[in-house]
Amino acid sequence: MSLCFFLVKNRNTHHLLSSTAAIMALSSSFCPQLSNTNYFRATPYSSFPTKQLLSGSYKPFSVRATSSPSKDELATRVGFLGLGIMGSPMAINLINAGCDVTVWNRTKSKCDPLTSLGAKYKPSPEEVAASCDVTFAMLADPESAVEVACGKHGAASGMGPGKGYVDVSTVDGGTSILISERIKASGGSFLEAPVSGSKKPAEDGQLIFLTAGDKSLYETAAPFLDIMGKSRFYLGDVGNGAAMKLVVNMIMGSMMATFAEGLLLSEKAGLDPNVLVEVVSQGAISAPMFALKGPSMIKSSYPTAFPLKHQQKDLRLALGLAESVSQPTPIAAAANELYKVAKGHGLSDDDFSAVIEAVKVKLQS
Ligand SMILES: NC(=O)C1=CN([C@@H]2O[C@H](COP(=O)(O)OP(=O)(O)OC[C@H]3O[C@@H](n4cnc5c(N)ncnc54)[C@H](OP(=O)(O)O)[C@@H]3O)[C@@H](O)[C@H]2O)C=CC1
Ligand SMILES: O=CCCC(=O)O
């Protein structure tokens, strides 16, 4: 089957609905299987692996909506756990939009800028979840996501019927399913919603959410996702959002590694790497990432937007996903080795573009 995605760009709810209807009508001529009323309904899959997404009949969709939150939505009590590079600006955007936000972070001092903007503070994930209707979590990796959701005084202990937990961290599908089961056992509902887009898109409310899980929570969370992001995809059962995110970041990590090689090769071949960046930007392989990161990479400067340790984590998890479905990924495997070397050089907390340092070896000619 073909996967069909739609972007709706109108700026208020009325236009959003009309546009959606119009696009549904239009799309049926290109994608006839979308013309029935199943468009907004996920075909349920029992569990991971995502092979089922690839071979099944589920029709994912994306929506772009930027309508302002309603009075009812502003009355929703929103929790936010994890205030790192991504979590802080995301929570700040919710506060600035007028939402009732309660925050928690392992390192408490990172809550201060948010409480000074009007956020409330609770001393544990459990207490945040207990005092909020919908709680978002933006944690470093699978281990911290599980700890914060399921550990002692974790969010699950504060969840219950009518409450929702939205994990926007990048983790593997197995981890997401584990957290989902624990949240659901408490009577709450679960949505995974990892994001594409880095520090600047987080600051600008321009993230792309890759959601999967409880459909009703997806709808409840939508106004908040729209404050923090520019579009949202609903991909079906828990695990599919995580898988989509890992595939995207696998591609990104490999692209960055080969770009690093290209910059160094151009220089060794007597070319100006700045000109290479310009040439690349004008052709079919142009990507915002190359134009954004290239100039600083040439200066051996790696101001952190996406920490290298997280990129290596994502490659590791993507390779695990590939293994689970018997898909060869030799390019990603090679890229992963470069990120591991870069971590060995002490570059874990630098931007992932610092992977170029792993290729800066002087070979004997
Ligand atoms: N930066 C980026 O460009 C993007 C990142 N992501 C993903 O988003 C997630 C967060 O990324 P980012 O904000 O950059 O990462 P950071 O490293 O800046 O923040 C990580 C957050 O996780 C918390 N944390 C780490 N370990 C634990 C633990 N054991 N218990 C409780 N809390 C913990 C940190 O708390 P503390 O402050 O105490 O250390 C911090 O709040 C990651 O999964 C990443 O892969 C997704 C898209 C883009
Ligand atoms: O997970 C990080 C993704 C960074 C990006 O999409 O620019």
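Indexing begins at 1, ligand by ligand and atom by atom, following the structure's order.
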Those protein residues which place at least one heavy atom below 4.0 Å from ligand 2: Ser196, Gly197, Ser198, Lys245, Asn249, Met252, Phe306
Least distance between heavy atoms, Ala332 atom then Met250 atom: CB-CG, 3.4 Å
N or O contact, Lys245 vs ligand 1, cut-off under 3.5 Å: no
Electrostatic pair Lys340-Glu337, nearest N-O below 4.0 angstrom: yes
Close side-chain approach of Leu292 to Phe290, heavy-atom, < 4.5 Å: no
N/O separation below 3.5 Å, Ile85 to ligand 1: yes
Check: Glu147 N/O within less than 3.5 Å of ligand 1 N/O: no
Side chain, backbone, both or neither: Ala202 near ligand 1, heavy atoms under 4.0 Å: neither
Heavy-atom proximity to atom 29 (N) of ligand 1, best of Lys309, Met138, Arg106: Arg106
Identity and separation of the nearest protein heavy atom to atom 6 (N) of ligand 1: Thr170 OG1, 4.0 Å
Remaining members of the apolar cluster that contains Ile85, side-chain heavy atoms under 4.5 Å: none
Heavy-atom closest contact (Phe80 atom, Val128 atom, distance): N-CG1, 4.2 Å
No-hydrogen, no-angle side-chain donor-acceptor test under 3.5 Å, Arg232 and Tyr218: yes
N or O pair under 3.5 Å between Val168 and ligand 1: no
Val195 N/O under 3.5 Å from ligand 1 N/O: no
Shortest protein heavy-atom distance from atom 15 (O) of ligand 1, along with the residue and atom involved: His310 NE2, 3.1 Å
Nitrogen or oxygen of Thr107 less than 3.5 angstrom from that of ligand 1: yes
Minimum-distance pair of heavy atoms, taken over all atoms of Ser196 and Lys245: CA-NZ, 4.0 Å
Close N or O approach (Leu83, ligand 1; < 3.5 Å): yes
Ionic contact status for Lys120 with Asp100, cut-off 4.0 Å: yes
Short N or O distance, Gly82 and ligand 1, threshold 3.5 Å exclusive: no
Lys NZ or Arg CZ of Lys108 over Tyr121 ring: under 6.0 Å, within 45°: yes
Over-ring placement of Lys184 relative to Phe190, 6.0 Å and 45° cut-offs: no
Best match, Ser169, Ala140, Ser196: closest heavy atom to atom 42 (C) of ligand 1: Ala140
Atom of Ser281, atom of Ser286 and distance for their closest heavy-atom approach: O-CB, 3.2 Å
Part of Val171 within contact of ligand 1 (heavy atoms, under 4.0 Å): neither
Gln311 side chain vs Met252 backbone, donor-acceptor pair below 3.5 Å: no
Which residue and heavy atom of the protein sit nearest atom 31 (C) of ligand 1, plus the separation: Val148 CG2, 3.5 Å
Protein heavy-atom partner closest to atom 5 (C) of ligand 1 - residue, atom, separation in Å: Met86 CG, 3.5 Å
Among Lys199, Lys313, Lys110, closest by any non-hydrogen atom to atom 37 (O) of ligand 1: Lys110
N/O separation below 3.5 Å, Leu139 to ligand 1: yes
Electrostatic pair Lys163:Asp133 at N-O distance under 4.0 angstrom: no
